[in-house]
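This report refers to the structure that appears directly beneath it.
Chain letters run A, B, ... following the sequence lines, proteins first, then strands; residues in each count from 1. Just the heavy atoms: all of them, side chains too, but no hydrogens, waters or symmetry mates, feed the values below.
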2 protein chains.
Amino acid sequence: MHTSPEDRHCSVARSLDIVGDRWSPLIIRDVALGVSRFDAMQRDLGISRKVLTQRLQALIDHEVLEKVAYSEHPPRFDYRLTEKGNDLTMVVLALQQFGDKWLVGEEGPPLLWRHLGCGELSSPVVCCDRCGEQVAPGDAVPVKGPGFREEDGPGLSAAIDALHALVE
Amino acid sequence: MHTSPEDRHCSVARSLDIVGDRWSPLIIRDVALGVSRFDAMQRDLGISRKVLTQRLQALIDHEVLEKVAYSEHPPRFDYRLTEKGNDLTMVVLALQQFGDKWLVGEEGPPLLWRHLGCGELSSPVVCCDRCGEQVAPGDAVPVKGPGFREEDGPGLSAAIDALHALVE
DNA sequence: CAGGTGGGTTCCCAATGGGAACTTACGCTG
DNA sequence: CAGCGTAAGTTCCCATTGGGAACCCACCTG
C-alpha cells in the first residue's frame with residue numbers, strides 16, 4: 001500500500017515518484033551527457049548492478065528513457081532520453097547549480113556549460129516567461145491553480161491563504 | 001561505508017546527498033510555502049513521524065533548515081529555510097515544472113506562480129545568464145571545469161570529449 | 001579455446017521506511 | 001482539578017530496499 005507521495009495530487013510529489021531517489025537523477029545526467037550503456041553507467045556511478053537494473057526499468061516504465069538496440073546477436077543496448085526525459089535534465093541542472101554554488105570546494109565546479117546561442121560560458125538562471133526578468137526565491141508568490149485540491153494539503157491551503165494576506 | 005554518491009566529486013551527486021530522497025524536496029516545498037511546524041508537515045505530507053524527524057535533522061545538519069523556537073516551556077519550533085535552503089527551492093521549482101507539464105491530468109496544475117516583478121501569472125523558464133535567451137535541453141554543451149577530475153567519471157570524461165568532437 | 005565484454009540475475013545481509021503506540025509538557029474547559 | 005487536546009518527538013516491530021559479490025550466458029578476439 002502506498003502512503004508515499006505517488007498518489008498525491010501534487011506535481012512535485014509526482015515528479016519525485018520518478019526521480020525521488022539517490023540514483024535516478026545521476027542516471028539521467030549520465031545519459032544526457034552520452035554515457036548510455038549499462039556497464040558504462042555502472043562503472044561511472046559506482047551503483048550496484050541490481051539497483052541500476054531496477055532504476056533503468058523504472059525510468060523506462062515512466063517513459064523517461066528508452067532502450068535502443070545497437071546490436072542483436074548479441075543483444076546490446078543504448079539508453080536514450082525521450083522528449084519527456086529531456087525535460088528532466090532541467091531538474092538535474094538545478095541540482096548541479098545548487099551543488100556548484102554551495103557544495104564544491106575552492107577547486108571550482110567540475111562542469112561548466114557553453115551556450116550555443118551566444119557562444120559564452122554561461123550559468124542557467126530562472127526567469128519569468130512573461131517579462132523575461134530573472135526570478136529569485138521570493139520574487140513570486142504561489143497561487144492556487146485549476147487542479148488545486150483542498151483535501152490533499154489542508155495545511156498547505158491555509159499557508160497559501162496566509163501568504164496572500166501578507167502580500168495584499 | 002558509503003559507496004553512495006556523497007563522496008563523489010560531482011555537484012549533482014553532492015546535492016543529492018541533501019535532497020536525494022522522496023521526502024526532502026517536499027519538506028522544503030512545505031517550509032517555503034509557510035508550513036513550518038512538525039505536526040503541520042506530518043499531516044500535510046502523510047510522512048511517518050520517525051522519518052520526518054530524521055529528515056528535518058539531516059536538513060538542519062546540512063544547514064538548509066534552521067530550527068527557531070517560538071515558545072519555550074513548552075518548547076515549540078518553527079523550521080525556516082536558510083539562505084542555502086532558499087536556493088534549493090529552484091530544484092523544487094524544476095520538479096514542479098516537470099510535473100505540471102507531464103504528470104497532471106486535465107484538471108490542470110494545482111499551483112501557479114504570480115511574478116511580483118511584472119504582476120503576471122508566469123512559468124519559470126531557464127535562461128542563459130550571459131545573453132538572457134531561454135535555454136532548452138541541447139542548447140548548451142558541457143565543458144570540463146576547473147574542478148573536473150578524470151578519476152571520478154572516467155566514462156563521463158570520454159563522453160564529453162565525444163560530444164565536443166561532434167560539435168567542433 | 002581461453003579470456004574479455006556486455007547485460008544482466010541471484011543470494012545474503014544490513015540499513016531504511018512505514019505505522020502505531022507511547023511520552024512529556026503545557027493550556028483550556030467544564 | 002480531572003480530563004482532553006496539541007506540539008514535538010521517541011520507541012518498537014516488521015516489510016521493503018539497497019549494497020556487494022558471485023554467477024550466468026552469448027558472443028568476439030587472439
Nearest-Å distance, [atom1] ([X]) to [atom2] ([N])?
X       : N      : atom1 : atom2 : answer
B:Leu52 : D:dG9  : CG    : C1'   : 10 Å
B:Leu26 : C:dG17 : CG    : C1'   : 15 Å
B:Ile27 : C:dG17 : CD1   : P     : 11 Å
A:Leu65 : C:dG7  : CG    : C1'   : 16 Å
A:Leu45 : D:dG19 : CG    : C1'   : 15 Å
A:Glu72 : C:dG6  : CD    : C1'   : 15 Å
B:Met41 : D:dA7  : CE    : P     : 13 Å
A:Gln57 : C:dG7  : CD    : C1'   : 13 Å

> Toward the 5' end of DNA chain D, which comes first, B:Arg37 or A:Asp21, by nearest nucleotide?
Replying inline: B:Arg37
List, with names and distances, any nitrogen or oxygen atoms from the protein found under 3.5 Å away from nitrogen or oxygen atoms belonging to nucleotides 8-16 of chain C.
| from | atom 1 | to | atom 2 | distance (Å) |
| --- | --- | --- | --- | --- |
| C:dG8 | OP1 | A:Lys67 | NZ | 2.9 |
| C:dG8 | OP2 | A:Tyr79 | OH | 2.7 |
| C:dG8 | N7 | A:Arg49 | NE | 2.8 |
| C:dG8 | N7 | A:Arg49 | NH2 | 2.9 |
| C:dG8 | O6 | A:Arg49 | NE | 3.2 |

> Got a sec, which residues hit side-chain contact (heavy atoms from CB on, under 4.5 Å) with B:Pro75, two or more places apart in sequence or on another chain?
Replying inline: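 Per chain and number, B:Pro75 pairs via side-chain contact (heavy atoms from CB on, under 4.5 Å) with B:Phe77.
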> Excluding sequence neighbours, so at least two apart, what forms side-chain contact (heavy atoms from CB on, under 4.5 Å) with A:Asp161?
Replying inline: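 So A:Asp161 forms a side-chain contact (heavy atoms from CB on, under 4.5 Å) with A:Lys144, A:Ser157.
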>> D:dT17, OP1 or OP2 - any side-chain N/O from A:Trp23 closer than 4.0 Å?
In response: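 Result: no.
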> Counting side-chain heavy atoms from C-beta on, which of C:dG18, C:dG7, D:dG19 comes nearest to A:Tyr70?
Replying inline: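 Closest of the options to the side chain of A:Tyr70: C:dG7.
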> What's in the same ILVMFWY side-chain cluster as A:Val68, cut-off under 4.5 Å, chained through other members?
Replying inline: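 Its cluster mates, by chain and number: none.
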> When rounded to the nearest 0.5 angstrom, what distance separates CG in B:Leu65 from CD1 in B:Ile28?
Replying inline: 6.5 Å
>> Holding to side chain to side chain donor-acceptor pair (under 3.5 Å), I want the full list of residues that pass it with B:Ser15, two or more places apart in sequence or in another chain.
In response: none
>> Applying side chain to side chain donor-acceptor pair (under 3.5 Å), can you list everything that pairs with B:Asp87, at least two apart in sequence or on another chain?
In response: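 Here the qualifying residues are A:Lys101, A:Trp102.
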Exercise answer: donor-acceptor pairs, residues 50-64 of chain A side-chain atoms, under 3.5 Å, sequence neighbours excluded:
| from | atom 1 | to | atom 2 | distance (Å) |
| --- | --- | --- | --- | --- |
| A:Thr53 | OG1 | A:Arg49 | O | 2.8 |
| A:Arg55 | NE | A:Asp21 | OD2 | 2.8 |
| A:Gln57 | NE2 | A:Asp61 | OD1 | 3.0 |
| A:His62 | ND1 | A:Ala58 | O | 3.0 |

I'd like a table of atom pairs between the protein and nucleotides 25-30 of chain D - only N or O on both sides, under 3.5 Å - with the distance next to each one.
| from | atom 1 | to | atom 2 | distance (Å) |
| --- | --- | --- | --- | --- |
| D:dC27 | OP1 | A:His73 | ND1 | 3.3 |

>> Taking the cut-offs as 6.0 angstrom to the six-membered ring centre and 45 degrees off its axis, would you call B:Arg37 and B:Tyr70 a cation-pi pair?
In response: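 Yes, cation above the ring, under 6.0 Å and within 45°.
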For residues 118-129 of chain B, which side-chain N or O atoms pair as donor and acceptor with protein atoms under 3.5 Å away, sequence neighbours left out?
| from | atom 1 | to | atom 2 | distance (Å) |
| --- | --- | --- | --- | --- |
| B:Asp129 | OD1 | A:Ser123 | N | 2.9 |

